[in-house]
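Presented below is the structure to which this report refers.
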Amino acid sequence: GAQPGSPLARLPPRPSPPSHVVATIENLPAEGGSGGGRSGISAPSSSVRQRIRKVLNRDLLLSVALGQVLSLLICGIGLTSKYLSEDFHANTPVFQSFLNYILLFLVYTTTLAVRQGEENLLAILKRRWWKYMILGIIDIEANYLVVKAYQYTTLTSVQLLDCFVIPVVILLSWFFLLVRYKAVHFIGIVVCILGMGCMAGADVLVGRQQGAGENKLIGDLLVLGGATLYGISNVCEEYIVRNLSRVEFLGMIGLFGSFFSGIQLAIMEHKELLKVPWDWQIGLLYVGFSACMFGLYSFMPVVIKKTSATAVNLSLLTADLYSLFCGLFLFHYKFSGLYLLSFFTILVGLVLYSSTSTYVAQDPRVYKQFRNPSGPVVDLPATGQLEPSVTYTSLGQETEEEPHVRVA
């Protein structure tokens with residue numbers, strides 16, 4: 001067969017895994033250059049333009065674009081909520097979430113109910129009802145805490161502290177999904193957060209500090225609590241859409257979300273609802289809010305499966321900027337060049353983060369190897385073909401095609 005010293009010697013003869021390995025090495029522009037032309041993969045002569053073209057490929061641009069669609073939906077959610085609470089004095093965060101959960105219930109839970117076999121609603125409930133119940137409550141309270149925080153603290157605080165979701169998602173992904181990051185990922189994350197800081201600075205400079213809030217500390221703690229719950233919810237969502245199914249996730253969230261937010265609505269918001277001066281404009285705003293929220297919930301698992309929970313949360317940082325650009329026309333906000341700077345900074349961070357694959361450590365030896373990712377491939381132990389387990393990039397290595405570790 002192959003020469004014992006060659007890097008492909010220990011790979012199985014089937015054609016697909018080796019090509020997967022080569023692809024994985026090729027997609028590492030950061031370290032590929034230092035590989036000294038390993039088996040001709042990264043020729044040192046490759047020009048900067050080729051390098052850029054390799055990084056800015058179709059997959060990466062698609063991932064960034066999908067994240068921006070989610071951001072625009074969140075912008076729609078924010079704008080409709082703002083109109084409802086400020087122009088029509090309808091402060092009904094629980095009712096708004098309740099409408100979304102009811103829609104999820106009508107579409108996805110009923111889909112599960114008519115399915116046969118293991119995918120059936122009752123079969124899923126028998127196996128994991130309590131897990132989904134906890135997840136449903138976490139999801140409701142994450143939404144509630146962040147919306148509630150706006151009553152106590154400033155807009156800028158909410159935006160900045162909301163970034164706390166990113167370290168939460170990274171830590172949970174590291175420990176529970178066994179995702180392993182590289183230096184490039186952390187640089188990308190820091191660049192994104194710098195972009196957010198830049199936006200907050202612009203807010204302060206143009207004096208957009210409305211809603212000074214009476215109890216700033218309470219508001220800040222509410223945001224941190226909400227962000228932590230969002231992080232837990234997102235990582236669970238990533239696990240479920242990768243290993244189970246998107247419809248199962250949304251159906252269960254719809255079921256338990258409707259139930260518990262219905263209870264919360266009856267206890268906490270029934271008086272507020274009676275105060276709402278109903279007319280066609282308010283009706284339209286509620287419809288618009290529900291449509292954006294339903295779109296966000298339905299589409300987010302698709303994007304999380306294609307990228308990852310971390311990449312999605314980095315993408316969502318631009319949502320505040322979309323709201324702001326709309327605010328320039330709708331609410332006559334003052335403009336600052338820093339807003340554009342922060343928008344492009346976040347996008348650059350996103351591209352950096354998405355330019356390199358993350359890894360899943362499916363085996364302690366794989367983990368050891370990633371601690372020294374620049375080491376040559378030849379150093380693999382002869383017993384196990386571990387390299388093909390380097391799966392699940394930040395750009396859509398779908399779960400179905402993951403070659404798993406088989407130790408000889």
Side-chain angles (χ1 to χ4, degrees), residues 64-65 67-93 96-97 100 143 145-165 192-214 216 219-220 222-223 226-227 230 281-296 312-350:
V64 172
Q68 295 316 294
V69 173
L70 293 178
S71 257
L72 285 166
L73 286 169
I74 288 188
C75 168
I77 289 167
L79 288 177
T80 47
S81 296
K82 187 176 163 66
Y83 272 120
L84 279 169
S85 66
E86 291 188 6
D87 295 12
F88 297 97
H89 305 294
N91 286 312
T92 54
Q96 285 159 239
S97 293
N100 170 49
N143 288 325
L145 289 178
V146 173
V147 172
K148 192 79 181 154
Y150 280 103
Q151 295 174 21
Y152 295 105
T153 187
T154 58
L155 183 68
T156 309
S157 290
V158 172
Q159 289 167 345
L160 278 182
L161 292 169
D162 220 12
C163 292
F164 186 64
V165 71
C192 285
I193 292 176
L194 283 175
M196 280 304 284
C198 180
M199 185 184 81
D203 278 350
V204 174
L205 286 177
V206 300
R208 201 165 74 93
Q209 281 286 92
Q210 75 272 48
E214 55 273 17
K216 203 162 176 318
D220 292 351
L222 286 175
V223 183
Y230 268 130
Q281 285 171 300
I282 288 191
L284 265 184
L285 284 172
Y286 275 114
V287 168
F289 175 90
S290 305
C292 289
M293 196 79 160
F294 180 74
L296 177 72
V312 164
N313 278 293
L314 290 173
S315 302
L316 297 184
L317 294 179
T318 53
D320 293 324
L321 285 153
Y322 291 128
S323 306
L324 198 135
F325 295 138
C326 294
L328 292 173
F329 299 103
L330 300 172
F331 310 115
H332 308 295
Y333 289 159
K334 288 194 200 126
F335 181 73
S336 159
L338 282 176
Y339 288 133
L340 282 176
L341 177 67
S342 85
F343 183 70
F344 288 113
T345 308
I346 292 172
L347 285 183
V348 167
L350 263 174

Can you find a heavy atom in the side chain of Leu321 that is under 4.5 Å from one in the side chain of Phe344?
no
How long is the span from the CG atom in Leu84 to the CG atom in Leu285, to the nearest 0.5 Å?
4.5 Å
Could you pull out the closest heavy-atom pair between Ala202 and Ser336, with the gap in Å?
CB-OG, 3.9 Å
Distance in Å, Met293 CE paired with Ile74 CD1, rounded so as to fall on 0.5 Å steps
9.0 Å
Which atom pair, heavy atoms only, marks the closest approach of Leu328 to Phe335?
CD1-CD1, 3.5 Å
Decide side chain to side chain contact (heavy atoms under 4.5 Å, CB included) for Asp320 and Tyr339; before the verdict, give the C-alpha distance in whole Å, the side-chain angles of both, and the deciding distance to 0.1 Å.
CA-CA 10 Å; Asp320 293 324; Tyr339 288 133; over 6 Å; no
Could you grab the distance from atom CD of Gln68 to atom CG of Leu350, nearest 0.5 Å is fine?
6.0 Å
Of all the heavy-atom pairs spanning Leu161 and Ala227, show the shortest one and how long it is.
O-CB, 4.2 Å
Shortest non-hydrogen separation from Cys198 to Leu341 and the atoms involved:
SG-CD2, 3.9 Å
Those residues at least two apart in sequence (or on a different chain) that pass ring-ring contact (aromatic ring centres under 6.0 Å, His included) with Tyr83 are Phe331
Closest non-hydrogen atom pair, Val223 against Val146
O-CG2, 4.5 Å
How many angstroms lie between atom CG of Leu72 and atom CD1 of Ile77, to the nearest 0.5 angstrom?
11.0 Å
Which heavy atom in Thr92 sits nearest to a heavy atom in Tyr286, and how many Å separate them?
OG1-OH, 2.6 Å
Do Pro93 and Asn143 have side chains that get closer than 4.5 Å, going by heavy atoms?
no
Could you give the distance from SG (Cys292) to CG (Leu70), rounded to the nearest 0.5 Å?
12.0 Å
Can you tell which of Ser323, Ser342, Ser71 makes a side chain to side chain donor-acceptor pair (under 3.5 Å) with Thr318?
Ser71
Hey, what do you get for OH (Tyr322) to CG (Leu79), rounding to the nearest 0.5 Å?
13.5 Å
